[in-house]
Amino acid sequence: MSLTSILVIHGPNLNLLGSREPEVYGTATMADHVATVSNAASSRGITVADVQANSEGDLVNAIHAAKGAHDAIIINAGAFTHYSWAIHDALRSFPGKTIEVHLSNPGAREEFRHVSVLSGVVDGTISGFGGVGYALAVEALLKIS
Ligand code: DQA
């Protein structure tokens, strides 16, 4: 399947990036991370859209709407990563490639962050590289699409 359109999905509290716990998440904003994806994608003729939501239902709806509209999803579901079976099921219904991204390395943090209920339904996960993870996600999508 060719890769022409990527949807970047940001979960709860990621709208606060830039000022939220910069020692953990860095100082780059959500818009900076979208720009990273766009820079990596646009030279390859790939369009990029993004959506942020703090509520689970809005994220589920965004994944449903992506079907037929985008070839791939890059998702940082924030804390929903650790317990949202609704987002798990929504991703399962998406026919394209999916990459889970985390700025921090959840496996090296508090115990509740060690489990991702999404990792079993995405193509792969990139964690712990800060904003670089978004560029790596595009590279991964190009290789696997
Ligand atoms: C995060 C890690 C999650 O545990 C946390 O709840 C977030 C951000 C990350 O990008 O490192 O909101 O997904």
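One-based numbering, in listed order, for ligands and for the atoms of each. Being a predicted model, the structure only gives us computed values, none of them experimental.
Side-chain contact check for Glu100 and Ser116: at least one donor-acceptor pair (N or O, by modelled atom type) lies under 3.5 Å. Inspection of the Thr36 and Asn39 side chains reveals no N or O donor paired with an N or O acceptor under 3.5 Å.
Linking ILVMFWY side-chain heavy atoms closer than 4.5 Å, directly or via other members, places Phe94 and Ile74 in two distinct hydrophobic clusters. Tracing side-chain contacts under 4.5 Å through hydrophobic residues (I, L, V, M, F, W, Y), one reaches Val37 starting from Phe129; they form part of the same cluster. The hydrophobic cluster containing Ile126 does not contain Val121, counting ILVMFWY residues as joined when their side-chain heavy atoms lie under 4.5 angstrom apart, directly or transitively.
Remark: the backbone N or O of Ile9 is not paired with any side-chain donor or acceptor of Gln52 at under 3.5 angstrom.
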Quick one: table the atom pairs, ligand 1 N or O against protein N or O, below 3.5 Å, distance rounded to 0.1 Å.
unit_1: ligand 1; atom_1: 4 (O); unit_2: His82; atom_2: NE2; d: 2.7
unit_1: ligand 1; atom_1: 4 (O); unit_2: Arg113; atom_2: NH1; d: 2.9
unit_1: ligand 1; atom_1: 6 (O); unit_2: Ala79; atom_2: N; d: 3.1
unit_1: ligand 1; atom_1: 6 (O); unit_2: Arg113; atom_2: NH1; d: 3.1
unit_1: ligand 1; atom_1: 10 (O); unit_2: Asn76; atom_2: ND2; d: 2.8
unit_1: ligand 1; atom_1: 10 (O); unit_2: Leu103; atom_2: N; d: 2.8
unit_1: ligand 1; atom_1: 11 (O); unit_2: Leu103; atom_2: N; d: 3.3
unit_1: ligand 1; atom_1: 11 (O); unit_2: Ser104; atom_2: N; d: 2.9
unit_1: ligand 1; atom_1: 11 (O); unit_2: Ser104; atom_2: OG; d: 2.6
unit_1: ligand 1; atom_1: 12 (O); unit_2: Arg20; atom_2: NH1; d: 3.1
unit_1: ligand 1; atom_1: 12 (O); unit_2: Arg20; atom_2: NH2; d: 3.1
unit_1: ligand 1; atom_1: 13 (O); unit_2: Asn76; atom_2: OD1; d: 2.7
unit_1: ligand 1; atom_1: 13 (O); unit_2: His102; atom_2: ND1; d: 2.8

